[in-house]
2 protein chains.
Amino acid sequence: MHNKSESGLQSFIERCRRYGLKLTPQRIALYTILDGVKTHPTAKEVYDEIVKEYPHISIDTVNRTLNTLAEYGFIDVVEGYGEPKRFDPDRESHHHAHCIICGTIIDFQNNRYDELEIPKEITRKFSVLHKRVVLNGICGDCDNPRKS
Amino acid sequence: MHNKSESGLQSFIERCRRYGLKLTPQRIALYTILDGVKTHPTAKEVYDEIVKEYPHISIDTVNRTLNTLAEYGFIDVVEGYGEPKRFDPDRESHHHAHCIICGTIIDFQNNRYDELEIPKEITRKFSVLHKRVVLNGICGDCDNPRKS
DNA sequence: GTGATTGCAAACCTTTTGCACGCCA
DNA sequence: TGGCGTGCAAAAGGTTTGCAATCAC
């Protein structure tokens, strides 16, 4: 599908130009880290990755940039249950299964879910921008009695 | 459906006994406030309500009790996007529409959503306890240009 | 009686904000 | 050059934790 390549970076650069966002090294670095990521990292996790290559960056910039990227639709903020905010660089339609024990989020695709109709009672009073099925339960690892 | 009555309180008391949870006045007060609530209050909002009738209670107790009630399945923690934790006393199956501007959550019922099948690829590695369709978009109030 | 629960205070953690400097366009 | 973006520090906000006193069972 999407490969971690210049094509991605190119379109990122173009979109930044279009939106009037300046192309700072920090933003490029952040984009590079996030491109292709299929997990749902917190700001801290992104920061820990990015300092390896860019030791001067601050956690504040990571926070601010993640918020900016989310605001402009480059990434999503994922639904959570009180733990630190998680971001999702994968903007293709997918659904989530949350483990209530360890907090892991499993992504999955499902055409039937994608095609769900929105009830008229909702469309009458609400403009839907995004739709997702969210499952909660216990993942294989946590279900396994071997692992405490 | 459910009415704010002794029957609710009775079953609350019975369940507490069954679980070995002590019936403190704070817990009763919290239960009474939450019974029948159809919104998704934060701990602070619950606290603000409860101090009116129970001026001595502390926000810590409200937080702890809400967590306990959630842990034992009396209430749910609802999905959010970084703002303070929200609780949902309504445990009947329903779905959520989140306004990305004001944060309001609109509840709605939908049989088709309730009956969604879980893909086998998920059930193989994940025990589903709860299922919800989450919509994100803009609510009527925020869509209205009159209101800023 | 005794163990769970409460209230208070402090700690903790994450996220936001103010501000001066520096860099991109 | 002008203004946005960054880094630092501080503030803010929410939630958790430790502990002694209290209360439910």
Side-chain angles (χ1 to χ4, degrees), chain A residues 9 12-33 40-51 53-72 74-87 103, chain B residues 9 12-33 40-51 53-72 74-87 103:
Chain A
L9 184 56
F12 175 69
I13 292 174
E14 280 160 28
R15 288 179 67 192
C16 283
R17 291 229 172 86
R18 210 175 326 137
Y19 300 150
L21 293 174
K22 291 189 176 169
L23 281 160
T24 63
Q26 291 89 335
R27 282 183 182 158
I28 306 267
L30 216 77
Y31 171 82
T32 308
I33 292 287
H40 316 84
T42 63
K44 182 64 169 40
E45 285 164 358
V46 174
Y47 172 76
D48 288 342
E49 253 336 282
I50 213 168
V51 267
E53 300 175 18
Y54 198 100
H56 264 305
I57 203 168
S58 83
I59 182 75
D60 311 283
T61 299
V62 173
N63 260 306
R64 260 186 297 225
T65 306
L66 287 170
N67 284 338
T68 305
L69 294 182
E71 194 179 327
Y72 283 87
F74 290 100
I75 62 178
D76 281 327
V77 179
V78 180
E79 74 285 344
Y81 298 89
E83 58 311 332
K85 226 190 224 177
R86 292 188 169 276
F87 298 88
Chain B
L9 183 56
F12 175 69
I13 291 173
E14 278 159 30
R15 289 180 67 193
C16 283
R17 292 228 172 87
R18 207 171 334 134
Y19 299 151
L21 293 174
K22 291 189 176 170
L23 281 161
T24 63
Q26 292 89 335
R27 282 184 181 156
I28 306 269
L30 214 78
Y31 172 80
T32 308
I33 292 287
H40 315 84
T42 63
K44 184 63 168 42
E45 285 164 358
V46 174
Y47 173 75
D48 288 343
E49 253 336 282
I50 214 168
V51 266
E53 302 174 19
Y54 198 100
H56 262 308
I57 203 169
S58 83
I59 182 75
D60 311 282
T61 299
V62 172
N63 259 307
R64 257 186 300 223
T65 306
L66 287 170
N67 284 338
T68 304
L69 294 182
E71 194 179 328
Y72 283 86
F74 290 101
I75 62 178
D76 281 328
V77 178
V78 297
E79 72 285 345
Y81 297 90
E83 59 310 332
K85 225 190 224 177
R86 293 189 167 277
F87 297 88

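To find a chain, count down the sequence lines: A is the first, B the second, and so on, and within it residues start at 1. If you're wondering where the values come from, they're calculated on a predicted model, not measured in any experiment.
- Between the CG atom of B/Leu30 and the P atom of C/dT5 there is a distance of 14 Å, given to the nearest Å.
- The closest side-chain heavy-atom distance from A/Leu21 to A/Tyr72 is below 4.5 Å.
- Here the P atom of nucleotide C/dT14 and the OH atom of A/Tyr47 are 13 Å apart, to the nearest Å.
- Heavy-atom distances to DNA chain D give each of A/Thr65 and B/Thr42 a nearest nucleotide, and the one nearer the 5′ end belongs to A/Thr65.
- Inter-residue side-chain proximity for B/Ile13 and B/Arg17 is flagged as met; some heavy-atom pair is nearer than 4.5 Å.
- Scanning DNA chain D 5' to 3' for nucleotides with an atom closer than 4.0 angstrom to a non-hydrogen atom of chain A gives a first and last hit of D/dG2 to D/dA9.
- Atom CG in B/Leu23 sits 4.5 Å away from atom CD1 in B/Ile28 (nearest 0.5 Å).
- A/Asp60 places its CG atom 9 Å from the C1' atom of C/dT15, with the value rounded to the nearest Å.
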Stepwise side chain to side chain contact (heavy atoms under 4.5 Å, CB included) test for B/Asn67 and B/Lys85: CA-CA 10 Å; B/Asn67 284 338; B/Lys85 225 190 224 177; 3.1 Å; yes

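- Contact check of residues 15-27 of chain B against DNA chain C (heavy atom, cut-off under 4.0 Å) returns B/Leu21, B/Lys22, B/Thr24, B/Gln26, B/Arg27.
- Contact check on A/Asp60 versus A/Arg64 returns no salt bridge, with no Lys/Arg side-chain nitrogen under 4.0 Å from an Asp/Glu carboxylate oxygen.
- A cation-pi contact links B/Arg15 to B/Phe74, judged by a cut-off of 6.0 Å to the six-membered ring centre and 45° from its axis.
- Using a 4.5 Å cut-off on side-chain heavy atoms (C-beta onward), B/Phe87 and B/His40 make no contact.
- The separation between A/Glu45 atom CD and C/dT14 atom P is 10 Å, rounded to whole Å.
- Closest heavy-atom contact between A/Tyr47 and A/Ser58: CE1-C, 3.8 Å.
- Among the atoms of the strands shown, none is found under 4.0 Å from any heavy atom of A/Ile59.
- Looking at heavy-atom distances under 4.0 Å, A/Lys85 makes contact with sugar-phosphate atoms alone, never a base.
- For the pair B/Asn67 CG and C/dT6 P, the interatomic distance rounds to 12 Å; values are reported in whole Å.
- Following rounding to the nearest Å, A/Ile57 (CD1) and C/dC23 (C1') show an atom-to-atom distance of 15 Å.
- Within 6.0 Å of atom CD in B/Glu53, 12 or fewer heavy atoms from other residues, nucleotides or ligands are found, so the atom counts as exposed in its surroundings.
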